[in-house]
Amino acid sequence: MLYAWYLANARDLPWRIGPADRARGARPDPYAVWLSEIMLQQTTVMHAAPYYLKFIQRWPSVSDLAEADDADVMAAWAGLGYYARARNLLKCARQVSDLGGFPDTVKGLKALPGIGPYTAGALAALAFNRSEAAIDGNVERVFARLLAETTPFPKAKSKLSIIVSSLVPEKTPAEFAEGLMDLGAMICTPKQPNCPACPLISLCQAYRQGDPQTYPVKAPKTPKPERSGHAFLLTHQGHLLLERRAQTGLLGGMLGVPGSTWTEQASADCEGAPIGADWTYRGDVRHVFTHFSLVLKVWQAEWSGQRGSANVHGEWVAYEDISGLPTVFFKAVKLLSQTSPISER
DNA sequence: AACCCGGGGCA
DNA sequence: TGCCCAGGGTT
């Protein structure tokens, strides 16, 4: 049932090969599958697709990516979020390049940076046609509904994983994986599932109960704390001071604007400024991270010293060359464009 | 097992 | 504007 639906309804995505070609034995480029799967972790197809096309054009093979400069890759990733993925992407590309290619088993794949149980299963099934399950959020939702699973997630994960793994077909694991993911993305959606169009409707216990959208059941979530801090836009003749953040921690390895630490209690005005200067308040920026929401007070000053001076550390970037900033800093820099034009991310 | 990591879509 | 979504790494 799922297989026939997949053949007729499979999404045509840039990193895929079509069901007809796959049935003839064609396999996608493991590099393309890997790149897409890393980008699709916590990210929608719609949002990841332009990034995928940009990456695959700029770095067409895993060895091209392995030889890329870290800063170029981080900048190209800017806006996708979860920047540890970009750091692991590079690490992984370099390991795979040294190995001479991707491992073709779940065990070998899972040993690589940035590849966990889901991505390992997806790559093994999609690129190497191994009989492995690729259990992502879509698949979990589909099965939580099929079985009307009342155990709240994430506790139900291991139980579902055993069931899904036992159902993977020997000959067509890729079609099974992509079929379930497409079903979850197109029909068995989180909010308003289109049950009448579902090929599995006769098997679905949640549908029989009349309340499919109440699954999967989730554990209650903890409230997000508030944090605040200051960001400093130090300008000098059409240039802005930016700094490379530490490799680990929040927004690690990304370019950012100087600032105070972000704390739960408001700090004094201009605390953490890169230099003493005549700072002008330019407004607030609000941004919500996974585990806290942030209010950033943005200050600006025109520097009177020389750009090459050792008094400040960081890099001076001309307004028109500013790119590769995480969204929170992009929002802050945008406050500057009220007086001077900054267009590109 | 619990916690650390963004950002976009949608009501 | 607030809520929802959701893999991997680290400890």
Side-chain angles (χ1 to χ4, degrees), chain A residues 33-51 74 77-92 95 106 109-123 133-144 151-158 160-161 164 177 180-181 184-186 188-193 213-227 245-256 262 284-296 324-332 334 345:
Chain A
V33 177
W34 165 75
L35 183 59
S36 69
E37 289 299 343
I38 300 297
M39 288 184 172
L40 290 169
Q41 290 166 2
Q42 323 306 82
T43 307
T44 59
V45 166
M46 181 85 88
H47 188 50
Y51 285 85
M74 299 310 283
W77 193 274
L80 263 184
Y82 285 98
Y83 297 96
R85 290 187 295 167
R87 299 194 297 274
N88 284 329
L89 187 82
L90 258 176
K91 260 198 238 169
C92 183
Q95 285 188 23
V106 162
L109 288 162
K110 214 158 43 176
L112 293 167
I115 299 185
Y118 162 70
T119 306
L123 259 171
I135 305 170
D136 69 349
N138 287 311
V139 178
E140 284 176 356
R141 187 170 58 253
V142 168
F143 276 87
T151 308
F153 279 79
K155 268 187 86 95
K157 273 173 181 278
S158 56
L160 276 190
S161 163
V164 178
L180 283 177
M181 287 190 264
M186 300 159 75
C188 196
T189 52
K191 288 180 185 160
Q192 299 236 310
Q213 69 288 345
T214 63
Y215 297 92
V217 179
K218 303 264 174 75
K221 45 182 76 69
T222 55
K224 278 183 193 188
E226 285 266 354
R227 290 190 198 172
R245 297 173 63 84
Q247 282 299 308
T248 55
L250 185 70
L251 306 174
M254 297 300 291
L255 215 47
W262 301 341
D284 284 356
V285 157
R286 291 175 179 280
H287 190 77
V288 181
F289 292 95
T290 315
H291 52 304
F292 66 93
S293 42
L294 174 70
V295 181
L296 218 45
L325 289 178
T327 300
V328 62
F329 296 126
F330 184 63
K331 287 180 186 169
K334 256 194 344 204
R345 173 187 269 287

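Proteins come first, then strands; the chains are lettered A, B, ... in the order of their sequence lines, and each starts at number 1. This one's a predicted model, so the numbers in the text were calculated from it and none came from an experiment.
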Integer-rounded Å distance: dC5(C) P and Met39(A) CE: 25 Å
Nucleotide nearest Leu250(A) (side chain, heavy atoms from C-beta), chosen from dG7(B), dG6(B), dG7(C): dG6(B)
5′-ward residue of the pair Met46(A)/Gln42(A) relative to DNA chain B: Gln42(A)
Audit row: Val139(A), Met181(A), side chain to side chain contact (heavy atoms under 4.5 Å, CB included) steps and yes/no: CA-CA 6 Å; Val139(A) 178; Met181(A) 287 190 264; 4.2 Å; yes
Under 4.0 angstrom between Arg141(A) side-chain N/O and dC5(C) OP1 or OP2: no
Least distance between heavy atoms, Arg87(A) atom then Gly253(A) atom: NH1-N, 4.5 Å
Phosphate OP1/OP2 of dC4(B): any Tyr82(A) side-chain N/O under 4.0 Å: no
Touch class at under 4.0 angstrom, heavy-atom based, for Gly252(A) against every strand present: nothing
N or O in side chain of Lys218(A) less than 4.0 angstrom from dC5(C) OP1/OP2: yes
Sugar-phosphate, base or nothing in reach of Leu251(A), heavy atoms under 4.0 Å: sugar-phosphate
Spacing between Arg85(A) atom CZ and dG7(C) atom P, to the nearest angstrom: 11 Å
Sugar-phosphate, base or nothing in reach of Arg87(A), heavy atoms under 4.0 Å: nothing
dG6(B) versus dC4(C) - spacing of their C1' atoms, nearest Å: 14 Å
Show the atom names and distances, to 0.1 Å, of all donor-acceptor pairs under 3.5 Å that link a side chain in residues 151-158 of chain A to residues at least two apart or in another chain.
residue   : atom : partner   : partner atom : Å
Thr151(A) : OG1  : Glu149(A) : OE2          : 2.8
Lys157(A) : NZ   : Glu140(A) : OE2          : 2.9

Separation of the P atoms in dA11(B) and dA6(C), to the nearest angstrom: 16 Å
Asp136(A) and Gln41(A): CA distance, side-chain angles, deciding distance, side chain to side chain contact (heavy atoms under 4.5 Å, CB included) verdict: CA-CA 9 Å; Asp136(A) 69 349; Gln41(A) 290 166 2; over 6 Å; no
Shortest non-hydrogen contact from Asn138(A) toward Leu180(A): CB-O, 4.5 Å
Atom pair distance, as rounded to whole Å: CZ in Phe153(A) and C1' in dC4(C): 16 Å
Arg85(A) side chain to Met39(A) backbone, donor-acceptor under 3.5 Å: yes
Heavy-atom closest contact (Leu80(A) atom, Ala48(A) atom, distance): CD2-CA, 4.4 Å
Within the sub-3.5 Å range, which N or O atoms of nucleotides 8-11 of chain C have a protein N or O partner, and how far apart are they?
residue : atom : partner   : partner atom : Å
dG8(C)  : OP1  : Gly116(A) : N            : 3.1
dG8(C)  : OP1  : Thr119(A) : N            : 2.7
dG8(C)  : OP1  : Thr119(A) : OG1          : 2.4
dG8(C)  : OP2  : Pro117(A) : N            : 3.3
dG8(C)  : OP2  : Tyr118(A) : N            : 3.0
dG8(C)  : O5'  : Gly116(A) : N            : 3.2
dG9(C)  : OP1  : Gly114(A) : N            : 2.5
dG9(C)  : OP1  : Ile115(A) : N            : 3.4

Contact under 4.0 Å: His287(A) side-chain N or O vs dG7(B) OP1/OP2: yes
